[in-house]
Amino acid sequence: MTLPLAHPALAAADPELARLVAAEERLQADTLRLIPSENYVSRAVLEASGTVLQNKYSEGYPGRRYYEGQQNIDQVERLAAARATALFGVDHANVQPYSGSPANLAVYLAFAEPGDTVMGMALPMGGHLTHGWGVSATGTWFRGVQYGVRQDTGLIDLDQVRDLALKERPKLIFCGGTALPRTIDFGAFAEIAREAGAVLVADIAHIAGLVAGGAHPSPAPHADVVSTTTHKTLRGPRGAMLMCREEHAKAVDKAVFPGLQGGPHNQTTAAIAVALHEAAQPSFRDYAHAVVANARALAEQLAARGFDLVSGGTDNHLILIDLSGKDVPGKTAAKALDRAGIVVNYNTVPYDPRKPFDPSGIRIGTPSLTSRGLGVSHMPAVADWIDRGVTAARAGDEAALTAVRAEVAELMAAFPAPGL
Ligand code: DSN
């Protein structure tokens, strides 16, 4: 394989590793990437995350560091934080969390004591590990109580959330998750948190780009703390942010550093700043709305082909498909689709009778394909490929998967991937 000119020093110093990077670039270019938490960052974000900012230690915060030589780093971090507060309409932003899980752990550190009760959505219902689920530190160091969705509608039952919150009186209530295809009613959650005397944490990791682009309501007026990763719909580097009202700023900052982390990853902070700048442009609003339009169109096309969609469809970037009726386990389907050049992840569906490592569903989303420029008119083809892939998975028809792979690669070649 020809080594990419983009990484000449890497190719010279470590050809083995360079080959792997080149292969990954090829894979990301040729395939239809439907994992809803993934995206393509711009070349500018990619460049910012590979700079000499990597070489600097900066424990502390701008103007209050434990290391000298922060003339530029302080400005980088201030810029990123200012862009975050402006974009999301919040008082304060901490841009240092290494990723979403440490960001959420910092929230526990700021507002709860080990053993306290915390509340979040159950992982198999679409929540996140760090919302108090048992196998996570957040569910073993804290007493996690969990809400879910209704079996008949696939929607969050806010009456159940309220009853549980008033009964259990948690210190923290998390809303948001990883497999929620519907709009989150932040106002309703805030009312419940107020009644229960809890701190409301809106985890918008999945939908941050939609919020920034005005394609999903903002949690800013409602939540005490907003937690987000920066690499999903927001289209930034792998990192995270905690945003909050001024009254919580000190507690949040103290929890991130020195509570939980050491030196921030300055190259990531810089790339977050770039991504936030990009997300503040009018074209990003178009992107966010296009992500949702594509997801809705794809959901309609899949439903028309007999796919069972959790909650009946989607309001955002994500579609959760229950394959029980198609007689194919989620993992079998996901692996077959991967061989067909369509990258998804297998996922539990609410009330799944199967185990998490071999569940009934697959989870798909439109952030990446929208970044490549695919639009609503392409969604019938995408739905067809998924349909053919799932049918081939059931039949064990490798030739059909190979045929889909060729068609996928042909279309993707016409839509160059940003950043590659
Ligand atoms: N792993 C992320 C996702 O795929 O949704 C959540 O942390």
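Whatever order the structure lists ligands and atoms in, that order sets their numbers, starting from 1. This one's a predicted model, so the numbers in the text were calculated from it and none came from an experiment.
Taking the centre of each ring, H92 and H248 stay at or above the 6.0 Å mark. Ring pair F415/H378: centre-to-centre distance below 6.0 Å.
Contacts between R363 and ligand 1, counted as non-hydrogen atom pairs separated by less than 4.0 Å, involve the side chain only.
Between T178, I35, N347, it is T178 that holds the heavy atom closest to atom 6 (C) of ligand 1.
Ranking protein heavy atoms by distance to atom 5 (O) of ligand 1, first place goes to H206 NE2, 2.7 Å. Looking at atom 7 (O) of ligand 1, its nearest protein heavy atom turns out to be H128 NE2, 2.8 Å. Of the protein's heavy atoms, S37 OG, 3.4 Å lies nearest to atom 3 (C) of ligand 1. The protein atom (non-hydrogen) at minimum distance from atom 2 (C) of ligand 1 is K232 CE, 4.0 Å.
Note on E278 versus R235: no salt bridge recorded, every NZ/NE/NH1/NH2 to OD/OE distance being 4.0 Å or above. Salt-bridge annotation for D91 and R245: absent, with no side-chain N of the basic residue lying under 4.0 Å from a carboxylate O of the acidic one.
Taking 4.5 Å as the limit, some side-chain heavy atom of L302 sits within range of a side-chain heavy atom of I321.
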